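A short write-up of the structure that comes next.
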Amino acid sequence: MAERETPAIFVHAVERIYRQGDTALDILKGADLAVWAGQSVALIAPSGAGKSTLLHIAGLLEHQDAGEVYINDKATSDLSDAERTGIRRNDIGFIYQAHHLLPEFSALENVMMPQMIRGLKKRDARQRASELLSYLGLKDRLTHRPAELSGGEQQRVAIARAVANAPRILLADEPTGNLDPRTSEHVFSALTQLVRASGLAAVIATHNMDIAARMDRRVTLRDGRVVELN
Ligand code: ADP
């Protein structure tokens, strides 16, 4: 890992306060996290610590109250919504705990969709979607709709969709949180293999310590800051 290079993603001095009536919840209080290409980071912290908040801010899905998120060395906080959407579409893949696949479309179509939104020709999008799904062990499930897939298969389709546009950054929020341990293990193996093969910078929130142990780095959130665990 050439850490002298620019990180693919750098969350710097990020603060996030949720206000509810008279009370203010300081969830992030100067969080720093840099992740380089080809590096996988497990984010392990108790429920309510701010994992989703950190991932949403890193993924430009939510605005921080202070601090900056640099994507490939570019500051993002002052960009327009359209510019942030463009970065999200091209540079960042996001995997949620629930798959959020479109129910009326097949696995193949779900993975083609982000590519076509980006402007790829249908034929090329279909080719890449088919390759990705096959790589993730779903060669025989291309035409299945989400309801015709198991939980583990649905989540593998969600992984394929997240990386369909070959992003440089992958953020996953407890991607196997809804799966049984064995299925979870399968999905994670597929995910980590993909991360290694494609040189992604990945941050994956998980409660599974076995899985975390196999990633390059482990971090937690302590009092609103990111702390290395190794
Ligand atoms: P984690 O992912 O580690 O479980 P979250 O980032 O989801 O934690 O939430 C951290 C804390 O912030 C929780 O106490 C949660 O209730 C609170 N929180 C999250 N989002 C909001 C919101 N939009 N408004 C108010 N409070 C929120």
Side-chain angles (χ1 to χ4, degrees), residues 7-35 39-71 76-77 79 81 84-85 87-88 92-101 151 154-155 158-159 161-162 167 169-181 183-185 187-188 191-192 195 200-230:
I9 183 161
F10 179 27
V11 172
H12 182 49
V14 159
E15 295 177 23
R16 185 74 176 109
I17 303 164
Y18 292 119
R19 291 174 211 287
Q20 221 134 48
D22 288 344
T23 53
L25 279 175
D26 283 7
I27 300 302
L28 298 178
K29 297 190 270 186
D32 275 301
L33 178 64
V35 187
Q39 196 173 57
S40 59
V41 179
L43 173 59
I44 313 150
S47 189
K51 298 183 297 297
S52 299
T53 303
L54 180 69
L55 289 172
H56 288 168
I57 289 170
L60 312 188
L61 293 163
E62 183 175 332
H63 275 281
Q64 64 272 29
D65 295 300
E68 187 56 89
V69 177
Y70 299 90
I71 304 288
T76 56
S77 60
L79 298 178
D81 284 348
R84 286 167 64 93
T85 301
I87 293 176
R88 256 196 334 263
I92 303 172
F94 208 101
I95 305 168
Y96 300 86
Q97 185 165 352
H99 59 74
H100 293 304
L101 297 171
Q154 290 168 350
Q155 207 52 328
I159 292 169
R161 181 188 51 181
I169 297 154
L170 183 68
L171 305 172
D173 195 356
E174 299 189 41
T176 61
N178 288 335
L179 305 175
D180 64 73
T183 311
S184 173
E185 170 63 32
V187 170
F188 249 103
L191 184 54
T192 42
V195 167
L200 280 159
V203 183
I204 303 175
T206 180
H207 287 298
N208 187 324
M209 297 308 282
D210 293 337
I211 285 160
R214 285 192 267 134
M215 298 177 63
D216 297 321
R217 281 165 62 198
R218 283 145 291 283
V219 301
T220 190
L221 278 166
R222 207 166 283 156
D223 197 22
R225 288 165 178 262
V226 179
V227 178
E228 297 282 334
L229 279 176
N230 293 316

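In listed order, ligands and their atoms are each counted from 1. Bear in mind the structure is a predicted one, so any value in this text is a computation, not a measurement. What you see below is based on every heavy atom in this structure, not just the backbone, and it leaves out hydrogens, waters and symmetry mates.
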Answer yes when Arg218 and Glu228 have at least one side-chain N-carboxylate O distance shorter than 4.0 Å, and no when they do not.
no
Can you list everything that forms a salt bridge (charged side-chain N to carboxylate O under 4.0 Å, His left out) with Glu62? Sequence neighbours excluded, please.
Arg16
Is Arg214 atom CZ crowded by more than 12 heavy atoms from other residues, nucleotides or ligands, each under 6.0 Å away?
yes
Show every ring pair (Phe, Tyr, Trp, His ring centres under 6.0 Å) that has at least one partner inside residues 209-230, sequence neighbours left out.
none
Partners passing ring-ring contact (aromatic ring centres under 6.0 Å, His included) against His63 (at least two apart in sequence or in another chain):
none
Lining ligand 1 at under 4.0 Å, by non-hydrogen atom distance, are residues Tyr18, Gln20, Ile27, Pro46, Ser47, Gly48, Ala49, Gly50, Lys51, Ser52, Thr53
Run the salt-bridge test on Asp223 and Lys29 with the 4.0 Å N-O cut-off and return the result as yes or no.
yes
